[in-house]
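Everything below concerns the one structure shown next.
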Number of protein chains: 2
Amino acid sequence: MDKLDCMRAFAAVAAQSSFTSGARQLGISTKLASKYVARLEEQLGAQLLNRTTRKVTLTDTGRAYLERCLPLLDQFDELQDVVQLRQQELAGPIRITAPTGLGSRELVEALQPFQQAHPKVMVELVLSDRHLPMLEEGVDLAVRFGALKDSTLVARRLCSMRLVVVASPEYLAAEGEPVEPEALATHNCLLQMTSPQPDAWVFGKGVAQRTVTVGGSFRANSPRAVAHMAASGLGIARCPHYTALPFLRDGRLQVLFEQQETDPTTLFAVYPSSRHLTVRIRALIDHLAGCFGPG
Amino acid sequence: MDKLDCMRAFAAVAAQSSFTSGARQLGISTKLASKYVARLEEQLGAQLLNRTTRKVTLTDTGRAYLERCLPLLDQFDELQDVVQLRQQELAGPIRITAPTGLGSRELVEALQPFQQAHPKVMVELVLSDRHLPMLEEGVDLAVRFGALKDSTLVARRLCSMRLVVVASPEYLAAEGEPVEPEALATHNCLLQMTSPQPDAWVFGKGVAQRTVTVGGSFRANSPRAVAHMAASGLGIARCPHYTALPFLRDGRLQVLFEQQETDPTTLFAVYPSSRHLTVRIRALIDHLAGCFGPG
DNA sequence: ATCATTTATGAACAACATGTACATAATCAT
DNA sequence: ATGATTATGTACATGTTGTTCATAAATGAT
């Protein structure tokens, strides 16, 4: 028996001066209203109502109690409404994290139309290559390559992304073009540090899949930076296809080992596995899936 | 599962950032605290807390909810306290009714020491010979001869009171002293109108009990007034013994039919049959029982 | 990196409470 | 005096509660 229900029953009966009318107003039986009020009187150790079979009146104590519990009941209803509204409104802060290599352009381009469509939402983008503990950092959503291993989170697949190995024609003319990935061990390989495993380059698929450990004289935490450096002739780089695309188009870079590419890496949106996600978080996830997904 | 209990559990867990600590603070099991908070989240359709096995943090919604429910919980506790204090304090109004014939002196003499002992109590004496509907008139206590027939009320016996039939020696010398009560039919009988049945005078006890219908040329709604008129020689009166006592002492009245008195009438305190009487009502009832009772 | 400890919660269940249905007593209107 | 309506007592089938035990996971210590 819920105390708030008891108080509502008392308030309705008092307002109507009748158990039958009060109960009808609340959509409960007369017997139940009687039980609720009796329970309240018992808990308070005070008579709130005097009643005969046809007459119900407030005692002095009951009147004093009614004066005070009516505003409380109103405040409770308001509290419920506040939470419901907050839950349903497409407004408020969203704190999103992404690796620096991704967030500087592609993600921003994806977030911009969402922000514009929902001006009440306030997006805070936290570029970080560390795997932030989401709960502690107050992060609502992470966009990442590879699903995080955390039982409290779920990962929603956004898109596949090709990783390509590239070099400039100048570099290849001077150092020779490696025929097999294993030959990379004797080449100057430029490391992209925001990658989960920057020096472990994976080739092939299925049972033919293998990893080659590489190294070199330059590393940066920016796919764009290492692509640029490769285009300048310094060495061989691995980066997302979309990052290298401008250089590929104008001939400053070319793709190596195209027949031996491994599975593309998957971009995920990662968020707490709660049944009570706010509307705005859910909306952003759907939006990102639309931006990065097929179509 | 009480909603207020759920809110208290949430507040305690949030304050301690721990289900285990919060539960201990409330004196409930960790499992139960977990259930309460989950229930609250389900009812609100919102995640209030994020939790791992060793870490509990508030969501934004949870923080907003906590801000609002803490004052509400305080107000509930205050409401409970207000009623308890009101119930236990010897203070406040008491509305008491009594017949005019009684209240003008004897009852006032009884109420005076009670009032003096409890200055915070405010006694309102409503003298009325009508049987007031107590609930409707907002009457807390009635002092009456004869218990009221009402299932919602209880009657506490205060004391017995003799009713005597009196006449002055002058009247008797002029009109002759009636030997049997039946002779009253030919006498001038003065009626005391605050009596329940002013013209039905009862004599004898048990199987010998009988009623004589009387009448005369004077009636008043005051026992003292009719006693005074009898002492002046106009006729024969029936009144409480205590009213006639001063005239009996100085020989201005004498008692008739002393061997044939009926049962004395009983004075009652009548009040609502509630298990939740306020302290002051109960105190006054006890006081009156002490004043009018034996000793 | 591994292991131990602590925490939050899933699952199961005996005990208790709930809300309903029916009957009854009492009050008020006719 | 009688009938209609109301508040509540009683009984009970059903649902909920709070506990206990087990488990999975996270954090701290080594």
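On a predicted model such as this, the values are computed, not experimentally measured, just so you know. Letters A, B, ... are given to chains in the order of the sequence lines, protein chains preceding strands, and every chain is numbered from 1.
Remark: P of D:dA24 and NZ of B:Lys55 are 22 Å apart, rounded to the nearest angstrom. We find that CG of A:Asp2 is positioned 16 Å from C1' of D:dG15, with the value rounded to whole Å. Atom CZ of B:Phe19 is separated from atom P of D:dA24 by 20 Å (rounded to the nearest Å). In this structure, CG of A:Asn50 is placed 17 Å from P of C:dA26, rounded to the nearest angstrom. The separation between A:Arg51 atom CZ and C:dA25 atom C1' is 16 Å, rounded to whole Å. The distance between atom CG of B:Leu40 and atom C1' of C:dT9, rounded to the nearest whole Å, is 17 Å. The CD atom of B:Glu41 sits 13 Å away from the C1' atom of C:dT9 (whole-angstrom rounding). Computed from coordinates, the B:Leu153 CG to C:dA26 P distance equals 13 Å when rounded to whole Å.
Closest approach to the A:Thr20 side chain among D:dT6, C:dC28, D:dT20 is made by D:dT6 (side chain taken as heavy atoms from C-beta onward). Checking C:dA8, C:dT18, D:dT17 against the side-chain heavy atoms of A:Met1 singles out C:dT18 as nearest. Across D:dT8, C:dG19, C:dT9, the shortest atom-to-atom separation from the side chain of A:Leu32 is found for C:dG19. Distance from the side chain of B:Lys31 is smallest to D:dT19 among D:dT19, C:dT18, D:dT17. For B:Thr53, the listed nucleotide lying nearest its side chain is D:dA24; candidates were C:dT18, C:dA21, D:dA24.
Salt bridge absent: A:Arg95 and B:Asp60 never bring a charged side-chain N and a carboxylate O closer than 4.0 Å.
Residue B:Ser34 has a polar side-chain atom (N or O) positioned under 4.0 Å from OP1 or OP2 of C:dT9. Regarding contacts with the backbone of D:dG18, a side-chain N or O of B:Tyr36 is found under 4.0 angstrom from either OP1 or OP2. Dashed line: the shortest gap from a side-chain N or O of A:Thr30 to OP1 or OP2 of D:dT6 is not under 4.0 Å. Phosphate contact (OP1/OP2 of D:dT27, side-chain N/O of B:Thr52, threshold under 4.0 Å): present. A:Ser18 has no side-chain polar atom (N or O) that falls below the 4.0 Å cut-off from OP1 or OP2 of D:dT6. Using a 4.0 Å cut-off, no side-chain N or O of B:Arg54 falls inside it from OP1 or OP2 of D:dA25. Contact between the side-chain N/O atoms of A:Arg39 and the OP1/OP2 oxygens of C:dT18 is found at a separation under 4.0 Å.
Under the 3.5 Å distance criterion, with hydrogens and angles disregarded, a donor-acceptor pair is assigned to the side chains of B:Gln209 and B:Thr262.
Remark: of the listed residues B:Leu26, B:Ile28, B:Thr20, B:Thr20 is the sole one forming a side chain to side chain contact (heavy atoms under 4.5 Å, CB included) with B:Arg24.
Both A:Asp5 and B:Ser21 sit near DNA chain C, but only B:Ser21 has its closest nucleotide nearer the 5' end.
Taken from CD in A:Glu67 to CG in B:Leu79, the straight-line distance is 11.0 Å, to the nearest 0.5 Å.
Taking the ring centroids of B:Phe76 and A:Phe76, they lie under the 6.0 Å cut-off.
Side-chain contact between B:Arg68 and A:Glu78 is absent, with no heavy atoms from C-beta onward closer than 4.5 Å.
In terms of polar N and O atoms assigned as donor or acceptor, the side chain of A:Lys35 comes within less than 3.5 Å of the base of C:dG19 in a complementary pairing.
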